[in-house]
Amino acid sequence: MRVRSTKPRDRCGAAVAELALVLPIFVMLIMGQIESARLGMVAQLLTNAARDACRVAAIQGSTASEVESQISGDLAGAGLSMPPVSYTVTSGFDSASFGTPITVTISVNYKDVSWLPSPYFLKTAVVTGTATMIKEG
């Protein structure tokens, strides 16, 4: 009985076929991790910007332009611009009395801030950051 030996040159085609099967799955996993990490980063940026803007809005005598400049300053430092980002502040925050809760909500469509040219997994996701504080006297 003779045992046939396998030479490296006999396996060359098998390695290419295995790579062709595994590589697309591996690339999709890596892109999914990148998208998920970016989603978490943008959510944290929006939450921090909402918290800072809420601090400004809770101060007695603050104006809407001060709140907007705080939001745009925080987001500009992170590389996000205001046009795709929308925000809302509790109406009448500038004339609210002491102890009134003031809420700032900032949201953006994920596809507008994704690092990938066309996000595959999170096309319709909306990322939101919210903060609530009590109006100071």
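All values below were derived from every heavy atom in this structure, side-chain atoms included, with hydrogens, water molecules and symmetry-related copies excluded.
- No chain of hydrophobic side-chain contacts below 4.5 Å, direct or via other Ile, Leu, Val, Met, Phe, Trp or Tyr residues, connects Leu21 to Ile30.
- Atom CG of Asp52 and atom CG of Asp74 lie 4.5 Å apart (nearest 0.5 Å).
- Note that CD of Glu136 and OG of Ser62 are 9.5 Å apart. Values are rounded to the nearest 0.5 Å.
- When hydrophobic clusters are built by joining Ile, Leu, Val, Met, Phe, Trp and Tyr residues whose side-chain heavy atoms come closer than 4.5 Å, directly or via intermediates, Val126 is not grouped with Val85.
- In this structure the side chain of Tyr110 reaches within 4.5 angstrom of the side chain of Glu35, judged on heavy atoms.
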side-chain contact (heavy atoms from CB on, under 4.5 Å) between Ile134 and Ile102, worked out: CA-CA 6 Å; Ile134 302 297; Ile102 306 294; over 6 Å; no

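- With a 4.5 Å cut-off on side-chain heavy atoms, Tyr87 and Glu68 count as touching.
- With hydrogens and angles disregarded, no donor-acceptor distance shorter than 3.5 Å links the side chain of Thr128 to the backbone of Ser107.
- Across all their heavy atoms, Val89 and Ala57 have their closest contact at CG1-CB, 4.4 Å.
- Side-chain contact between Val104 and Thr88: absent, with no pair of heavy atoms (C-beta onward) separated by less than 4.5 Å.
- By the side chain to side chain donor-acceptor pair (under 3.5 Å) test, Thr103 pairs with Thr132, sequence neighbours left out.
- Between Asn109 and Thr124 the shortest side-chain heavy-atom distance does not fall below 4.5 Å.
- The CZ atom of Arg55 sits 9.0 Å away from the CD atom of Gln70 when rounded to the nearest 0.5 Å.
- The heavy-atom pair separating Cys54 from Ala131 by the smallest distance is SG-O, 3.6 Å.
- The backbone N or O of Glu66 lies less than 3.5 Å from a partner atom in the side chain of Ser69, making a donor-acceptor pair.
- Ala50 approaches Gly129 most closely through the heavy-atom pair CB-O, 3.7 Å.
- Proximity of Met31 to Phe26: side-chain heavy atoms (C-beta onward) are nowhere separated by under 4.5 Å.
- Side chains of Thr47 and Thr130 form no contact here, defined as non-hydrogen atoms less than 4.5 Å apart.
- In this structure a side-chain-to-backbone donor-acceptor pair under 3.5 Å is present from Lys135 to Phe93.
- Going from atom CE of Met133 over to atom CD1 of Ile59 covers 9.5 Å, rounded to the nearest 0.5 Å.
- Applying the side chain to side chain donor-acceptor pair (under 3.5 Å) rule to Gln44 yields the partners Asn48; only residues at least two apart in sequence or on another chain are considered.
- Residues Val67 and Thr63 fail the side-chain proximity criterion, which asks for heavy atoms closer than 4.5 Å.
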